[in-house]
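Chain naming here is simple, since letters A, B, ... match the order of the sequence lines and numbering starts at 1 in each. When reading the values below, keep in mind they use all heavy atoms of this one structure, side chains included, and skip hydrogens, waters and symmetry mates.
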Amino acid sequence: MVPLVYFQLLSAALFVIGLYGVLARRSAVLVVMSIELMLNAVNINLIAAAAHLGYRSVGEVFVHFDGQIIAIFIITVAAAEVGLALAIILRMYRNRGTVNVDEIDLMRW
Amino acid sequence: MGLTANLYLLTPEFALAGLAVLVLAVDLVTPDNRKALLGWFSVVGLVALIVISLFMLWQHQDTLYGGLLAVDAFSLFFKVFFMGLGIVIILSSIEYVDKYLTHPGEFYGLVLFSVLGMNVMAMSRELLTAYISLELLSFSLYVMAAYARTNARSNEAGLKYIIIGAFSSAILLYGVSMVYSSLGVTHFAAIAEQMAAGSGAGPALWVGLALLLVGLGFKLAAVPFHMWAPDVYEGAPLPVTAYLAIGSKAAAFALVLRLFTEGLMPAVDQWRIVLAVLAAATMLVGNLVALAQRNIKRLMAYSSVGHVGFILAGVAALSTGSVLATNGVIFYVVAYSVTSMLVFACLISFFNMTGQEEIADFAGLADRQPFLAGAIAIGMFSLGGLPIFAGFTAKFYLFTAVASGGLLWLAGLAIFSSLISLYYYLQVIRQMYISPAAPAPTPLPVAGGQDIDEEEDAQSSIDEASNGVPEKEDHHEDGHHSPPPPMPPELALKPSALMIGVALVMLVGVFWLGVYPAPLLDAIEAASRAILPGF
């Protein structure tokens with residue numbers, strides 16, 4: 001079996017790449033894609049952990065698929081999130097003619 | 001025991017979801033000039049649900065779905081509180097929505113869905129459940145922040161909010177995954193068990209908990225994760241700003257309280273100092289930056305950051321042996337919500353009349369609208385923490401709890417920050433009562449264009465952009481230069497009876513909490529005992 005730490009390293013690397021994308025990308029669409037990358041890193045981490053933890057009982061409850069179930073929920077929620085974000089980005093484009101996050105600065109402190 | 005044996009305990013949640021879908025459905029067959037009825041319909045539904053929850057769940061103590069959701073005094077308290085908040089928000093947005101926004105039915109539906117999310121947040125005892133309900137709340141708020149869809153500032157608020165929200169969710173989830181991979185559990189109680197037993201403790205667990213804290217910090221707008229709040233608050237339509245400042249904070253604190261008492265109590269020595277520093281930074285930065293604000297929404301945003309700092313100080317003082325800190329936090333959340341709602345109801349009413357939201361626009365308000373000015377003044381006094389108002393009692397309880405929790409320096413700092421905050425609250429009062437009135441008010445083209453054809457408007461704005469006409473960057477300072485909306489909203493001379501009614505109810509609440517909080521404290525005490533281990 002591949003050691004858990006390899007998966008955790010892969011997941012951490014993906015997460016950091018996503019983080020870099022969020023901070024460095026100028027287009028709102030690419031920022032949203034980077035956030036998706038971060039969420040996928042989370043999924044890798046969860047599924048690898050669930051596979052390694054195996055079948056066991058905690059108190060009275062048997063847990064086996066916790067990690068996979070959380071991952072499925074995250075995939076679903078992430079899809080909804082992208083839908084919403086793209087809808088708002090589309091409104092932004094219609095009203096301002098740009099989705100460059102540097103130009104979205106009507107309000108600043 | 002089957003998982004569905006006591007499903008009836010979830011009746012209020014099922015009914016609330018049904019009500020929200022029903023409002024969306026009825027919206028389709030409601031004629032355009034009757035949309036306000038949907039708001040009243042939602043309010044009636046929420047009142048009925050409060051009654052139902054109180055009758056069904058009074059003194060109930062149970063868990064559902066193998067411990068995912070708790071039905072106890074804590075969740076009942078917050079359920080009633082959130083649904084009451086939903087009622088007040090809907091009531092105070094009916095006139096605003098009518099005047100400045102399109103698609104009222106969906107607006108009320110979204111409020112109901114977000115209330116559902118908040119209810120489940122207060123009930124959840126497991127990380128995934130908490131996350132899902134948090135997202136239900138956040139998704140509704142993303143849409144509501146961007147609701148004035150032809151208004152570039154509202155769009156910008158929505159975009160900033162959803163990007164920061166999704167980003168912080170990702171961080172939160174990474175924390176969840178680290179906690180899960182080191183402990184193997186996600187139930188709060190099981191997390192506490194494992195931590196107390198010392199299994200799985202290691203760098204991975206601490207990184208996970210830290211990321212969890214960062215994610216929640218973003219949601220709460222705690223310094224240094226607060227930068228999104230003022231922008232989003234300023235751009236969002238006013239009732240939504242009120243909802244963001246009150247509802248999302250209260251719900252996040254309900255979740256934080258349950259997570260920290262039921263789940264993370266064994267590690268209290270590790271996180272106490274972190275939370276205390278976070279609280280100190282939040283209250284100082286929030287209150288200091290608020291001094292420089294000119295826009296009333298931004299002022300309220302920074303003021304809410306400051307109040308989050310106070311409440312976090314209470315969270316830092318949590319301990320297993322005493323209900324003092326939990327009581328203080330819950331009471332502060334309630335008092336802050338009632339007071340803020342009073343101020344926001346008056347601001348919404350003022351905006352409905354004049355379309356203005358700069359602090360300078362309030363000059364001479366005491367002569368023109370003595371009631372509004374008086375109510376705002378009382379709200380500001382209460383937010384600043386002057387006696388006989390709710391703010392004082394709440395601060396008294398909370399700071400006492402912080403001091404007796406061994407964090408005397410934090411309590412001192414909190415009192416110092418309250419003093420700073422009085423300055424900018426009194427500035428608003430000075431504007432209303434002492435500054436001479438401005439000449440006849442002219443409407444500012446803010447939040448929400450009128451009911452104009454969407455395509456046409458989009459087309460014209462794209463044309464404008466491609467013709468190289470830059471958007472006015474500083475609506476702020478000289479809003480009068482930007483093109484006026486096609487049809488300026490007609491200005492009323494008096495606040496509407498509905499808004500006066502909402503403000504009056506909140507006013508009574510502020511005085512009641514300030515003078516005789518005992519009945520509420522009893523309910524809060526029961527709620528604290530439900531979540532604290534060892535009671």
Heavy-atom proximity to chain B below 4.5 Å, by part of A/S11: both
A/N95 (side chain) donor-acceptor with B/R149 (main chain) under 3.5 angstrom: yes
Part of A/A78 within contact of chain B (heavy atom distance under 4.5 Å): neither
A/Q8 versus B/Y174, closest heavy-atom pair with distance: O-OH, 4.3 Å
Rounded distance (nearest 0.5 Å) linking atom CD1 of A/I70 with atom CG of B/L127: 7.5 Å
Heavy-atom closest contact (A/F15 atom, B/A170 atom, distance): CE1-O, 3.8 Å
B/N155 side chain reached by A/R96 side chain, heavy atoms, under 4.5 Å: no
Chain A interface, residue from B/A166, B/S181, B/A292, B/S169 that has the most non-hydrogen pairs under 4.5 Å: B/A166
Segment of B/I163 engaging chain A (4.5 angstrom heavy-atom cut-off): both
Engaged part of B/A146 at the chain A interface, taking heavy atoms whose separation is under 4.5 Å: side chain
A/L106 side, atom CG; B/R153 side, atom CZ - distance, nearest 0.5 Å: 6.0 Å
Contact summary for B/G184 and A/L53, nearest pair of heavy atoms: CA-CD1, 3.5 Å
Minimal non-hydrogen separation, A/I89 against B/L159, with atom names: CG1-CD1, 3.4 Å
Chi angles and distances behind the side-chain contact (heavy atoms from CB on, under 4.5 Å) call for B/F167, A/L19: CA-CA 8 Å; B/F167 179 65; A/L19 193 67; 3.3 Å; yes
Main-chain N/O of A/G67 paired to B/Y180 side chain as donor or acceptor, under 3.5 Å: yes
Polar side-chain atom of B/E135 near backbone of A/V77 as donor-acceptor pair, under 3.5 Å: no
Chain A contact via B/Y131 - which portion, at a heavy-atom distance below 4.5 Å: side chain
Interface residues of residues 32-42 of chain A facing chain B - heavy atom cut-off under 4.5 Å: A/I35, A/M38, A/L39, A/V42
Any residue of residues 21-30 of chain A which, by heavy atoms, sits under 4.5 Å from chain B: A/V22, A/A28
Heavy-atom pair count under 4.5 Å with chain A, highest-scoring of B/T186, B/L136, B/I132: B/I132
CZ-CD distance between A/R91 and B/E156, expressed to the nearest 0.5 angstrom: 15.0 Å
Engaged part of A/A48 at the chain B interface, taking heavy atoms whose separation is under 4.5 Å: neither
